[in-house]
Protein chains: 2
Amino acid sequence: MDHQNEVQEVAQQQRIDNLDRNLLNALQQDARTPYAELAKRFEVSPATVHVRVEKLKQAGIITGTQVLLAPRPLGYQICCFIGINLKAAGDYPAVLAKLEALPEVIEAYYTTGHYSIFIKIMCRNIDALHRLLVDQIQSIEQIQSTETLLSLSQPIARQIQP
Amino acid sequence: MDHQNEVQEVAQQQRIDNLDRNLLNALQQDARTPYAELAKRFEVSPATVHVRVEKLKQAGIITGTQVLLAPRPLGYQICCFIGINLKAAGDYPAVLAKLEALPEVIEAYYTTGHYSIFIKIMCRNIDALHRLLVDQIQSIEQIQSTETLLSLSQPIARQIQP
DNA sequence: GATGAAAAAATTTGCGG
DNA sequence: CCGCAAATTTTTTCATC
């Protein structure tokens with residue numbers, strides 16, 4: 001609404017001090033850590049923690065919080081990546097719209113290199129993957145070819161270091 | 001570390017009712033939504049919300065919470081994937097250990113298909129990526145070849161549907 | 001900016017349906 | 001398994017440094 005917001009969205013690299021970095025690191029481990037505990041840990045007052053976290057939100061550095069769900073107990077056994085090549089570069093928006101409609105597509109990247117679009121899939125089992133691939137993905141007319149990388153395990157999973 | 005998780009994850013598909021699913025969906029959007037608000041939204045008492053969330057944690061379905069950080073304002077401009085081929089399959093643990101030591105490697109997958117190991121990288125700029133690739137990754141002796149996919153944008157980013 | 005203390009809100013527990 | 005209500009903790013505000 002006012003122009004100050006636009007300026008913030010340009011969001012260049014911000015000044016972040018040590019306390020900010022500590023808070024971000026802690027909240028990356030557990031977004032519900034009580035501010036009182038963070039205050040004790042980093043030897044400031046709970047009010048300061050509160051103010052800093054608010055500022056980090058305002059600055060667009062903290063964009064939200066989420067619970068992490070284990071795929072296995074929810075019945076998701078398969079994680080895979082699919083590299084997609086398009087018939088024409090201009091088909092990108094149309095294909096993306098179709099991928100967005102598939103809940104199993106949890107990430108999509110527009111990439112340079114071997115593929116035009118690169119997606120991450122989570123689905124229940126091999127059968128579901130097979131059907132998804134054949135019925136939903138390879139049947140998209142603008143797709144020329146796909147290549148599947150099946151993930152057998154994910155030994156590293158972490159976030160960027162603030 | 002990974003193998004202990006696997007044992008727990010043998011945890012087959014759990015009984016999840018509609019309330020559980022609603023709570024998981026809401027907490028995926030915002031892990032700090034007050035239980036009182038969730039209670040109102042789903043027409044149960046706050047205590048019930050609390051009990052359900054605790055059970056979902058006990059069951060290993062909720063594995064944690066985290067804040068989401070915007071890479072850009074923290075100075076991370078580059079996201080890319082690197083497919084790695086090893087000289088010998090047995091080199092996997094040694095290479096993984098070296099990758100784990102690089103903070104820019106935020107995800108690693110053991111995959112079938114074109115590559116042996118597939119990693120996701122976040123780093124500050126092209127120069128940093130160049131140095132990382134040449135000095136830290138391609139110099140790992142057990143690595144035979146790498147292939148880089150640079151991400152230009154990420155139009156889809158979401159989680160699995162409980 | 002940071003703080004301590006007060007006010008407001010949310011979490012957590014135990015008892016009774 | 002649920003909900004009520006009390007007890008405890010946390011979050012949030014604000015005047016002051």
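Residue numbering restarts at 1 for every chain, and letters A, B, ... go by the order of the sequence lines.
Not one side-chain nitrogen or oxygen of B/Arg32 sits closer than 4.0 Å to the OP1 or OP2 atom of D/dT10. For B/Thr48, no side-chain nitrogen or oxygen approaches OP1 or OP2 of D/dC2 to under 4.0 Å. Dashed line: the shortest gap from a side-chain N or O of B/His50 to OP1 or OP2 of C/dT11 is not under 4.0 Å. Here A/Arg52 does not reach the OP1 or OP2 of C/dG1: none of its side-chain N or O atoms lies under 4.0 Å away.
Between A/Leu38 atom CG and D/dT12 atom P there is a gap of 13 Å when expressed in whole angstrom units. Protein atom CD of A/Glu54 is 7 Å distant from nucleotide atom P of D/dT12, rounded to whole Å. One atom, CG of A/Leu23, and another, P of C/dA2, lie 11 Å apart when rounded to the nearest Å. In this structure, NZ of B/Lys40 is placed 11 Å from P of C/dA9, rounded to the nearest angstrom. B/Arg41 places its CZ atom 13 Å from the P atom of C/dA10, with the value rounded to the nearest Å. Separating the NZ atom of A/Lys55 from the C1' atom of D/dT13 is a distance of 15 Å, rounded to the nearest angstrom. Atom CG of B/Leu27 and atom P of C/dT11 are 10 Å apart (whole Å). Following rounding to the nearest Å, A/Lys57 (NZ) and D/dT11 (P) show an atom-to-atom distance of 10 Å.
To the nearest 0.5 Å, the span separating CD on B/Gln77 from CG on B/Leu74 amounts to 12.0 Å. Distance check: A/Arg131 CZ to A/Ile137 CD1 gives 13.0 Å after rounding to the nearest 0.5 Å. Taking CD1 from B/Ile84 and OG1 from B/Thr146, the interatomic distance works out to 7.0 Å, rounded to the nearest 0.5 Å.
Nearer to the 5' terminus of DNA chain C, by closest-nucleotide assignment, is the contact made by A/Leu19 (compared with the other of B/Pro34 and A/Leu19).
Between A/Phe81 and A/Phe118, the two ring planes are parallel [angle under 30°; tilted spans 30° to 60°].
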Check the interface with nucleotides 5-7 of chain D: list each N/O to N/O pair with the protein under 3.5 Å, or write none.
none

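Checked by atom type and distance alone, the side chain of B/Asp30 never pairs as donor or acceptor with a backbone atom of B/Leu27 at under 3.5 Å. A donor-acceptor pair under 3.5 Å is formed between the side chain of B/Arg32 and the backbone N or O of A/Ala31.
By the 4.5 Å heavy-atom criterion applied to side chains, A/Ile78 and A/Arg124 are not counted as neighbours. Side-chain contact between B/Val49 and B/Val53 is present, with heavy atoms from C-beta onward closer than 4.5 Å.
B/Val44 comes within 4.0 angstrom of sugar-phosphate atoms only, judged by non-hydrogen atoms across all strands, and of no base.
In the set D/dT11, C/dT3, C/dG1, the nucleotide with an atom closest to the side chain of A/Ser45 is C/dT3.
Applying a 4.0 Å cut-off to non-hydrogen atoms, none of the residues of residues 61-69 of chain A approaches DNA chain D.
Remark: the B/Gln66 side chain and the A/Gln29 side chain contain no N/O donor-acceptor pair separated by less than 3.5 Å.
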